[in-house]
**Student:** 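Dropping a structure here in structure tokens format, bear with me for questions.
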Amino acid sequence: MVDHMFKWAKIISAVICLLILVDFTLPGKEYTEGVLEKERKMQRYYNAAQNVHYSHHLITKNFILFSSEDLANIVNKGDMLLLKESRLFKEINRVTHIPSATSEIYSLRYVSGLVIPLLAILVFMTSLIFPTRYVMLSFVLIVLSTGNLIYILVS
């Protein structure tokens with residue numbers, strides 16, 4: 001009974017991962033928007049080392065975009081951005097600064113749209129060949145892919 005439910009959980013998770021992967025790879029809608037504001041926030045870690053880093057946001061009329069420091073340094077207020085939005089989950093897959101043709105995909109989008117789904121599908125397929133060897137890893141990836149779906153739907 002439990003094995004049967006676990007098998008169905010893997011199948012459902014694999015389908016979810018395929019949907020996320022397809023959504024990430026297929027071309028979506030394109031928008032051109034002007035930058036209204038740039039934000040640079042200091043993020044602190046309250047540990048013994050007292051480390052800090054900066055997060056960068058580009059704010060347009062309809063989106064607040066996470067950005068790398070490199071892109072944030074190039075973009076100025078009023079510059080135009082080309083945004084590519086995924087069809088299914090409406091996530092921004094790529095941001096291109098039109099004047100300089102500099103383009104980037106936010107690193108968390110790579111992880112949630114490409115790395116986690118590919119890893120989960122690989123492990124689920126391998127667990128079909130070796131059903132008793134990857135039980136714990138399959139369970140972890142079922143939980144991770146479910147959390148990934150929730151993250152994509154909420155963000």
Side-chain angles (χ1 to χ4, degrees), residues 1-36 38-39 41 43 53-75 79-155:
M1 175 81 171
V2 173
D3 289 339
H4 186 68
M5 289 174 51
F6 189 64
K7 179 181 173 185
W8 277 105
K10 284 195 289 188
I11 291 170
I12 292 169
S13 293
V15 169
I16 289 170
C17 288
L18 279 172
L19 283 173
I20 293 171
L21 194 59
V22 166
D23 184 56
F24 181 76
T25 56
L26 286 180
K29 296 178 185 175
E30 292 186 356
Y31 300 100
T32 303
E33 295 205 12
V35 176
L36 300 177
K38 281 185 353 179
E39 281 187 358
K41 293 183 181 177
Q43 307 290 322
H53 77 276
Y54 294 95
S55 64
H56 301 273
H57 299 98
L58 302 174
I59 301 170
T60 67
K61 182 180 177 185
N62 298 311
F63 300 100
I64 297 174
L65 307 164
F66 293 101
S67 170
S68 68
E69 183 176 4
D70 295 334
L71 184 64
N73 288 336
I74 294 171
V75 174
D79 284 355
M80 297 304 288
L81 300 176
L82 176 65
L83 310 174
K84 294 187 179 179
E85 182 182 64
S86 68
R87 291 183 185 268
L88 186 60
F89 295 112
K90 308 295 184 208
E91 292 284 315
I92 300 296
N93 284 339
R94 181 175 294 277
V95 177
T96 304
H97 181 240
I98 293 175
S100 69
T102 303
S103 180
E104 79 172 13
I105 298 174
Y106 183 58
S107 59
L108 188 57
R109 184 67 183 132
Y110 266 128
V111 173
S112 71
L114 188 65
V115 175
I116 291 173
L118 280 177
L119 182 64
I121 290 169
L122 179 70
V123 169
F124 296 153
M125 291 180 70
T126 306
S127 71
L128 293 174
I129 299 167
F130 306 106
T132 58
R133 293 189 68 187
Y134 296 105
V135 175
M136 187 57 70
L137 186 57
S138 293
F139 175 74
V140 169
L141 285 169
I142 288 169
V143 172
L144 190 60
S145 61
T146 304
N148 187 28
L149 177 65
I150 292 168
Y151 166 75
I152 289 173
L153 291 174
V154 170
S155 67

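Quick note: residue numbers are just sequence positions, from 1.
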**Student:** Please report the interatomic distance CD1(Ile152) to CG(Leu88), rounded to the nearest 0.5 Å.
**Tutor:** 9.5 Å
**Student:** Could you tell me if the side chain of Leu108 sits less than 4.5 Å from the side chain of Tyr151, heavy atoms only?
**Tutor:** yes
**Student:** Please identify each residue that fulfils side chain to side chain donor-acceptor pair (under 3.5 Å) with Tyr31, with sequence neighbours left out.
**Tutor:** Glu85
**Student:** Roughly how far, to the nearest 0.5 Å, is the CD atom of Glu33 from the CG atom of Leu58?
**Tutor:** 11.5 Å
**Student:** Could you pull out all residues at least two apart from Glu69 that satisfy salt bridge (charged side-chain N to carboxylate O under 4.0 Å, His left out)?
**Tutor:** none
**Student:** Who are the salt bridge (charged side-chain N to carboxylate O under 4.0 Å, His left out) partners of Lys29, not counting sequence neighbours?
**Tutor:** none
**Student:** Could you tell me whether the side chain of Ile59 reaches within less than 4.5 Å of the side chain of Val35, counting heavy atoms only?
**Tutor:** no
**Student:** Any side-chain heavy-atom pair from Leu83 and Asn62 closer than 4.5 angstrom?
**Tutor:** no
**Student:** Test side chain to side chain contact (heavy atoms under 4.5 Å, CB included) on Val140 and Val123; report intermediate values, then the result.
**Tutor:** CA-CA 11 Å; Val140 169; Val123 169; over 6 Å; no
**Student:** Looking only at heavy atoms, what is the nearest atom pair of Asn93 and Phe24, with distance?
**Tutor:** ND2-O, 3.4 Å
**Student:** Nearest 0.5 Å please: distance from the CD1 atom of Ile121 over to the OG atom of Ser13.
**Tutor:** 10.5 Å
**Student:** Between Ser103 and Thr96, what is the shortest heavy-atom contact and its length?
**Tutor:** OG-OG1, 3.2 Å
**Student:** What pairs meet the salt bridge (charged side-chain N to carboxylate O under 4.0 Å, His left out) rule with one or both residues in residues 100-125, with sequence neighbours excluded?
**Tutor:** Asp23-Arg109
**Student:** Only counting residues at least two apart or in another chain, list the ones meeting ring-ring contact (aromatic ring centres under 6.0 Å, His included) with Phe66.
**Tutor:** His57, Tyr106
**Student:** Could you list the residues that satisfy side chain to side chain donor-acceptor pair (under 3.5 Å) with Asp79, not counting sequence neighbours?
**Tutor:** His97
**Student:** Taking everything shown except Phe139 itself, do over 12 heavy atoms lie less than 6.0 Å from its CZ?
**Tutor:** no
**Student:** Can you tell me which residue pairs pass the side chain to side chain donor-acceptor pair (under 3.5 Å) test with a partner in residues 121-144, sequence neighbours excluded?
**Tutor:** Lys10-Ser127
**Student:** I need the minimum non-hydrogen distance between Lys38 and Val75, along with the two atoms involved.
**Tutor:** NZ-O, 2.9 Å
**Student:** Taking atom CG of Asp70 and atom OG1 of Thr102, what is their separation to the nearest 0.5 Å?
**Tutor:** 9.0 Å
**Student:** Enumerate the salt bridge (charged side-chain N to carboxylate O under 4.0 Å, His left out) contacts for residues 90-99, please, sequence neighbours excluded, ordered by first and then second residue.
**Tutor:** none
**Student:** Considering all heavy atoms of both residues, which atom of Ser100 and which atom of Ile74 are nearest to each other, and what is their separation?
**Tutor:** OG-CG2, 3.6 Å
**Student:** Please tabulate, one pair per line, all N/O donor-acceptor pairs under 3.5 Å involving side-chain atoms of residues 143-150, not counting sequence neighbours.
**Tutor:**
from	atom 1	to	atom 2	distance (Å)
Ser145	OG	Leu141	O	2.9
Ser145	OG	Ile142	O	3.1
Thr146	OG1	Ile142	O	2.8
Asn148	ND2	Ser112	O	2.8

**Student:** Give a yes or no on this: more than 12 heavy atoms of other residues, nucleotides or ligands lie within 6.0 Å of atom CD1 of Ile64.
**Tutor:** no
**Student:** How long is the gap from CD1 on Ile20 to OG1 on Thr25, to the nearest 0.5 Å?
**Tutor:** 12.0 Å
**Student:** Does Met80 have any side chain to side chain contact (heavy atoms under 4.5 Å, CB included) partners at least two apart in sequence or in another chain, and if so, which?
**Tutor:** Thr32, Ile98
**Student:** Among all residues two or more places apart in sequence or in another chain, which pass the side chain to side chain contact (heavy atoms under 4.5 Å, CB included) test with Ala72?
**Tutor:** His56, Ser67
